[in-house]
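Note that the coordinates shown come from a computational prediction; the quantities given were computed from them, not determined experimentally.
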Amino acid sequence: MTKLPTSIDATQDLLAKADYLADRSLATVLFLALRMGRPIFLEGEAGVGKTEIAKVLSATLGRKLIRLQCYEGLDVGSAVYEWNYAAQMIAIRLAEAEGTVDRARLTHDIFSEEFLIKRPLLQALEPDTGGAPVLLIDELDRTDEAFEAFLLEVLADFQVTVPEMGTVKAAQPPIVVITSNRTREIHDALKRRCLYHWVDYPSAERETAIVRTKVPGIAARLSEEIVRFVQALRREDLFKAPGVAETLDWAGALTELDAVALDPATVSDTLGVLLKYQDDIARLQGSRASELIARLRADMTAAE
């Protein structure tokens with residue numbers, strides 16, 4: 001288990017060890033969240049690296065990663081705990097077959113930890129010799145307001161009540177990372193429990209550095225052209241602009257094709273790696289892709 005960073009620079013260095021190139025504003029919020037023991041709420045477009053932050057913290061700090069993937073209809077049974085009803089029924093049938101049914105004792109036995117199925121939120125509150133885990137609550141905006149209200153209670157005291165057993169309280173609160181793609185607004189009451197940061201698309205310089213770090217061996221000119229092309233796409237009227245994750249996928253794909261520079265044919269053939277909607281792909285195929293390539297090359301020549 002690695003000690004928590006003692007400065008903003010140390011936080012940046014910690015992330016860099018796992019090849020996550022964070023800007024100083026993000027490193028500052030992460031440092032403060034770790035030092036103050038507060039959840040961090042990361043909001044931004046899909047694919048900008050919000051989820052990766054929790055994974056990197058887990059890896060660099062040597063802590064267990066517990067992930068709660070949110071979705072519409074998520075309830076307490078899936079997020080916190082539920083009882084193993086099948087095993088409980090077998091225990092009841094066995095007790096009845098033995099003919100020695102003490103109802104009070106049987107009730108106590110079947111509502112014990114042996115029959116409890118622990119879901120991510122409950123797992124995150126349990127003591128761990130490796131230190132408090134990293135709890136990733138991913139894409140909270142996909143859930144409804146009822147679950148959000150329940151989560152507010154959990155984050156307030158880092159405890160959960162199991163009616164049949166009592167209250168489970170974390171001896172050491174987990175490191176909580178909450179992400180949202182902002183498909184809906186999260187209530188202010190929950191945001192007030194957290195330190196907030198908007199994870200934006202990186203600058204061209206930082207995105208180029210990310211590509212060269214994550215796709216080793218990529219040609220220098222190709223990496224620059226890829227980033228300039230993607231940055232230009234983000235200014236287009238697309239249904240879904242490509243995130244950093246798509247940039248890396250595309251860079252990897254073009255490297256596999258032994259490309260050394262962008263050309264219209266290869267771009268058109270590989271747009272499905274970069275864009276995920278047919279209308280966006282159709283908009284870029286052909287002349288528009290050629291125009292963007294010509295423009296970025298003119299900009300690169302002017303900058304030389």
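- A salt bridge is defined here as a Lys NZ or Arg NE, NH1 or NH2 lying under 4.0 Å from an Asp or Glu carboxylate O, and Glu236 with Arg288 meets this definition.
- In this structure, His197 and Phe41 have side chains that are not in contact, with every pair of non-hydrogen atoms separated by 4.5 Å or more.
- Placement of Val215 and Val267 within a single hydrophobic cluster is found when ILVMFWY residues are connected by side-chain heavy-atom separations under 4.5 Å, directly or transitively.
- Rounded to the nearest 0.5 angstrom, Asp138 CG and Thr179 OG1 are separated by 3.5 Å.
- Classification of Glu291 and Arg295 as a salt-bridged pair fails, no side-chain N sitting under 4.0 Å from a carboxylate O.
- Tested against Pro5, the residues Leu15, Leu14, Asp13, Thr60 include a single side chain to side chain contact (heavy atoms under 4.5 Å, CB included) partner, Leu14.
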Residues Asp9, Ser7; criterion side-chain hydrogen bond (donor to acceptor under 3.5 Å, both in side chains); working and verdict: CA-CA 5 Å; Asp9 289 336; Ser7 68; 5.3 Å; no
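- Remark: Phe158 engages no residue in a ring-ring contact (aromatic ring centres under 6.0 Å, His included) (not counting sequence neighbours).
- No chain of hydrophobic side-chain contacts below 4.5 Å, direct or via other Ile, Leu, Val, Met, Phe, Trp or Tyr residues, connects Leu195 to Leu155.
- Every residue two or more places apart in sequence or in another chain that forms a ring-ring contact (aromatic ring centres under 6.0 Å, His included) with Phe111 is listed here: Trp83.
- Annotation: side-chain contact (heavy atoms from CB on, under 4.5 Å) contacts of Phe239 (sequence neighbours excluded): Tyr277, Asp280.
- You'll find the side chain of Val211 stays beyond 4.5 Å of the side chain of Val244, heavy atoms only.
- Counted by atom type alone, Ser78 and Asp75 present one or more donor-acceptor pairs between their side chains at under 3.5 Å.
- Taken to the nearest 0.5 Å, the CG atom of Leu34 stands 11.5 Å off from the OG1 atom of Thr6.
- Salt bridge absent: Asp19 and Lys214 never bring a charged side-chain N and a carboxylate O closer than 4.0 Å.
- By the criterion of side-chain heavy atoms lying less than 4.5 angstrom apart, applied directly or through intervening Ile, Leu, Val, Met, Phe, Trp or Tyr residues, Met300 is grouped together with Leu233 in one hydrophobic cluster.
- Salt-bridge formation is not detected for the pair Arg297/Glu224: no Lys NZ or Arg NE/NH1/NH2 atom is positioned less than 4.0 Å from an Asp or Glu carboxylate oxygen.
- Considering only heavy atoms from C-beta on, Leu151 comes within 4.5 Å of Leu121 through its side chain.
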Stepwise side-chain contact (heavy atoms from CB on, under 4.5 Å) test for Leu135 and Val177: CA-CA 6 Å; Leu135 172 61; Val177 178; over 6 Å; no
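- Judged by distance alone, the side chains of Thr167 and Thr161 do bring a donor and an acceptor atom under 3.5 Å apart.
- Checked for salt-bridge contact, Glu185 and Lys191 meet the test: a charged N lies under 4.0 Å from a carboxylate O.
- By the 4.5 Å heavy-atom criterion applied to side chains, Lys240 and Lys276 are not counted as neighbours.
- There is a side-chain donor-acceptor pair under 3.5 Å between Thr266 and Asp263.
- Both Ile175 and Ile40 are members of a single hydrophobic cluster when ILVMFWY side chains are connected at heavy-atom separations under 4.5 Å.
- Linking ILVMFWY residues whenever their side-chain heavy atoms come closer than 4.5 Å, directly or via other members, leaves Val176 and Val56 in distinct clusters.
- To the nearest 0.5 angstrom, Glu43 atom CD is 5.0 Å from Arg182 atom CZ.
- In the displayed structure, Arg142 atom CZ is contacted under 6.0 Å by at most 12 heavy atoms of other residues, nucleotides or ligands.
- Salt-bridge annotation for Arg184 and Glu148: present, with a side-chain N of the basic residue lying under 4.0 Å from a carboxylate O of the acidic one.
- Between Glu225 and Arg228, none of the side-chain N atoms (NZ, or NE/NH1/NH2) sits under 4.0 Å from a carboxylate O, so this pair counts as no salt bridge.
- Salt bridge status for Asp128 with Arg63: absent, with no side-chain N to carboxylate O gap under 4.0 Å.
- Judged by distance alone, with hydrogens and angles left aside, the side-chain atoms of Gln88 form a donor-acceptor pair with the main-chain N or O of Ile110 at under 3.5 Å.
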